[in-house]
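Every number for a ligand or one of its atoms is a count from 1 in the order of the listing.
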Amino acid sequence: MNVRCTRCGAAADPLRICACGGLPEFAAPSTRIDAAGLKRLLRERRASYEPLFASGVWRLRELLPPIAAEHVISLREGNVPVYASAAGARFCGADRVSYLHLGMNPTGSFKDLGMTVAISAAHALGARAVVCASTGNTASSMAAYAARAGMRAYALVPRGKVSAVKLAQMRDYGATLIEVEGSFDDAFAKLGEIEGAVLVNSINAYRIEGQKCAAFALLDERSWRVPDWVLLPGGNLGNISAFAKGFREARELGLIDRLPRLALVRAQRGVDTCASAIAVADPKSLERAHRELERFGGIELALDDAEIFAAKAAIGREGIGCEPASAASLAGAKALRERGDITRDHDVVCVLTGHVLKDARAYDNAA
Ligand SMILES: *Cc1c(COP(=O)(O)O)cnc(C)c1O
Ligand SMILES: [Zn+2]
């Protein structure tokens, strides 16, 4: 599959930023299977005991960069629930709200969908080591998949800014932890100092290919009924770029006939927010995410910690729960409902990106 720079359009290396500063991205897949055939194939594979197809990512392998099965490193990621939420609907004053809970992945965040593809691609290349900068979840996921592949993993994290649970995961999976003074952005700037390791941050185009599968999983689970809105918390903005790519490809393949509107919810307090997973000052995918928002009639908004925590409490009180950053999606739905962009009859999907146990300090639910 062909890889191009999203800024200048030149042929690009999937593992590196282009000379112009743009990010590499795989072209849309071409398959001879028609839409009805693809839908049927996905259903059959969901029911299969074949280990490759037990993964919600590799089940879609015709739509992914070609990687031989012997190189696939999978932890059965991508089989996550969609929960209809009465409390979420009440919280934002809409009739239909549901959660796509990507925190229910093997290491507790959506990062696993992208990491299985990035680590498999690195394995196919014969890589011995991988590296990332992280607010915690990328590094936890990288550490697990690298361990399973027999590779070394180097995690650059901002000192004092990562939850104890995420650090415990990295240690448990045997990663080498390098704590950097400052923020996520400072850790990212130090990546060049680790030589000989494949970079698995979301500038790695394989990550986006894996993460786009979340859009297909959501649509499949809803029998291909397109929601009116999909809301996502954003940090480095790889995930919203991946969802957008997935929805666009689903339409090009004839699986759906329209696109949902997308909303990107960021933290107003920037790198000081309690929603540490989205504490990113200078998102690497900003330009590409903005281009996608234009294609989707999208909206970007920034909310403060109080609004995010109120939404987190509503999600927790219904027995679902998520990590603080994830609740930004429901907080965003409430804000857009109040502004009138979301109307009462809209069908709203909030993406929950991380598991409730990821940040055990952060709860405020005594009410
Ligand atoms: C990584 C992460 C995000 C942000 O995703 P980006 O792709 O960086 O925008 C949001 N929530 C959680 C829980 C995360 O781990
Ligand atoms: Zn370029």
Colleague: Could you name the option among T135, T353, L352 that has the heavy atom nearest to atom 11 (N) of ligand 1?
Modeller: T353
Colleague: I'd like to know if R295 pairs up with E292 as an ion pair, taking the criterion as any Lys NZ or Arg NE/NH1/NH2 lying under 4.0 Å from an Asp or Glu carboxylate oxygen.
Modeller: yes
Colleague: Run the numbers for me: atoms of ligand 1, each under 4.0 Å from some heavy atom of G238, listed by number.
Modeller: 6 (P), 7 (O), 9 (O)
Colleague: Before accepting this row, confirm whether a basic side-chain N of the pair K312/E323 lies closer than 4.0 Å to the acidic partner's carboxylate O.
Modeller: no
Colleague: Run the numbers for me: atoms of ligand 1, each under 4.0 Å from some heavy atom of G234, listed by number.
Modeller: 9 (O)
Colleague: Output yes when E50 and R45 qualify as a salt bridge under the 4.0 Å nitrogen-oxygen rule, no when they do not.
Modeller: no
Colleague: As a check for students: among K111, K166, R266, E323, identify the option with a heavy atom nearest to atom 15 (O) of ligand 1.
Modeller: K111
Colleague: Examine F247 together with F216 and report whether their ring centres are nearer than 6.0 Å.
Modeller: no
Colleague: Answer with side chain, backbone, both or neither: which part of I278 has a heavy atom less than 4.0 angstrom from an atom of ligand 1?
Modeller: side chain
Colleague: Numbering the atoms of ligand 1 from 1, which are under 4.0 Å from a heavy atom of G354?
Modeller: 13 (C)
Colleague: Can you check the angle at the Zn ion (ligand 2) formed by SG of C5 and SG of C20? Round it to the nearest 10°.
Modeller: 100°
Colleague: Are E44 and R59 close enough for a salt bridge, meaning some N to O gap below 4.0 Å?
Modeller: no
Colleague: Answer yes or no for S202: is there a heavy-atom contact with ligand 1 below 4.0 Å?
Modeller: no
